[in-house]
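As a basis for the values below, the full set of heavy atoms in this structure was taken, side chains included, without hydrogen atoms, waters or symmetry mates. Each ligand, and each atom within it, is numbered from 1 in the order the structure gives. The model shown is predicted, which means the values in this text are computed figures rather than measured ones. All residue numbers refer to positions in the sequence shown, counting from 1.
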Amino acid sequence: VEVHAHGVTLLGSASQESAARLDGESRLDLRYLDLRAESKVLIFEVGTTLLQAMREFLLRQEYIELHTPKITAGGSESGAAVFEVAYFDKKACLVQSPQFYMQLAMVAGFDRVFEVGPVFRAEPASTNRHAAEFTCIDVECSWIESCSELMDLEEALVRHALAVVRDRHGAEIRRQCGVDVEVPERAIPRIAFRDVRSLVPSASDSASRMSHGAEEAICAFARERFGHSFVFVTDYPAADRPFYTMRDQENTSRSFDLMWRGIEVTSGCQREHRVESLRRQVAELGLVSDTLSLYLDKHYLEMFRHGCPPHGGFGIGLERFLMAMLGQPSIRETSFVFRGPGRFVP
Ligand code: ATP
């Protein structure tokens with residue numbers, strides 16, 4: 001191509017600093033330069049397509065999209081650490097999940113809702129998978145009988161969204177990121193937590209919570225045994241899950257996580273909707289008589305006194321999902337502007 005210029009107009013000046021010289025923290029400091037690379041722009045184009053496809057899928061099934069408050073009086077209902085903020089003359093905190101409001105919608109009779117929004121976790125640990133602020137796709141529905149319906153729903157949602165991403169960006173993702181977009185065509189294997197120990201001895205390094213090493217081991221097992229890079233781990237010990245999780249027998253909860261390429265990308269569960277069972281589970285966990293329990297009693301437990309259908313849901317961490325899909329080494333790459341311990345600029 002030959003260009004014949006008739007003139008040059010300077011619209012603005014630019015320093016000669018090059019994105020190629022940036023590394024580690026300076027890449028995050030000068031994120032606007034870092035993001036000038038074609039491969040970085042692609043991550044956010046893919047994120048846009050992914051969310052659009054998920055939204056399309058849910059809207060087709062008559063889900064209602066909500067925008068719930070991000071400031072709340074309630075503390076941490078799930079055990080995750082919260083950021084406190086001044087709220088006029090009171091103390092409030094940033095929500096670490098919209099789940100309470102999703103459940104409020106179930107009590108109100110909305111039946112099927114979702115939200116795509118920011119959540120905040122004051123987690124001091126610095127890993128390649130944790131951010132202090134990230135985007136969560138939360139889905140909640142009523143009239144379920146068990147977690148398997150939630151996993152069926154999530155599986156169909158993920159299959160649809162990944163197929164759309166593959167069709168639109170597959171070739172470019174291969175070229176820029178060196179990975180294929182995997183669409184789970186066959187059913188995703190489901191492994192109960194109690195069986196993890198015998199099936200994957202290297203994953204049983206803890207009696208309850210799965211460590212990251214364990215998540216990687218279970219994914220390696222699923223790939224080898226089922227030729228699948230996705231795997232659901234289900235029925236976690238009740239002690240490992242938040243109080244609102246429905247329990248099956250004494251020590252098992254109706255819960256699941258979806259792992260993909262060694263990374264936990266989703267958590268979900270059937271929620272306990274019977275107020276007496278909820279009260280018992282709250283008391284068992286010792287969540288009584290502090291400010292949290294005041295909130296719990298007055299605003300959470302009270303809600304269920306008015307009747308609520310059986311329900312449940314799940315949350316997909318958008319940046320983590322993109323990280324797994326695009327084979328990125330860190331959530332810092334898939335967060336537009338990363339937030340973590342010690343990092344709240346730019
Ligand atoms: P983890 O055990 O990895 O810390 P979690 O069990 O606390 O995660 P949930 O509270 O169940 O995660 O959140 C639902 C989903 O949100 C997770 O499956 C994950 O995709 C995402 N997620 C959770 N915490 C973070 C975080 N700090 N940064 C980015 N994404 C997160």
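Close to ligand 1: R121, with a non-hydrogen atom less than 4.0 angstrom away.
Around atom 3 (O) of ligand 1, the closest heavy atom drawn from R320, R339, H212 belongs to R320. If you check each of E215, Q99, E264 against atom 12 (O) of ligand 1, the one with the closest non-hydrogen atom is E264.
R223 places no side-chain N or O within 3.5 Å of a backbone atom of G227 that could act as its donor or acceptor partner.
Screening Q103, Q270, H273, R112 against H311 for a side-chain hydrogen bond (donor to acceptor under 3.5 Å, both in side chains) leaves a single residue, Q103. Partner of V181 under the side chain to side chain contact (heavy atoms under 4.5 Å, CB included) criterion, out of V46, L326, V165: V165 alone.
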(request) Please test D195 against R190 for salt bridge (charged side-chain N to carboxylate O under 4.0 Å, His left out), starting from the C-alpha separation and ending with a verdict. (result) CA-CA 10 Å; D195 297 327; R190 298 174 185 186; over 6 Å; no

(message) Determine whether E284 and R247 satisfy the following criterion, salt bridge (charged side-chain N to carboxylate O under 4.0 Å, His left out), listing intermediate values before the conclusion.
(response) CA-CA 13 Å; E284 273 173 33; R247 296 180 183 182; 2.8 Å; yes

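Atoms of ligand 1 lying under 4.0 Å from any heavy atom of I331, numbered from 1 in the order shown and given with element: 29 (C). The atoms of ligand 1 that sit less than 4.0 Å from any heavy atom of G315 are 14 (C), 15 (C). Close approach of ligand 1 to R129 is summarised as follows: ligand atoms under 4.0 Å from at least one heavy atom of the residue are 28 (N), 29 (C).
Ligand 1 has no nitrogen or oxygen under 3.5 angstrom from a nitrogen or oxygen of C136.
The proximity of H130 to ligand 1, defined as any non-hydrogen pair under 4.0 Å, involves the side chain as well as the backbone.
For the atom pair CZ (F226) and CD1 (I191), the distance works out to 5.0 Å, reported to the nearest 0.5 Å.
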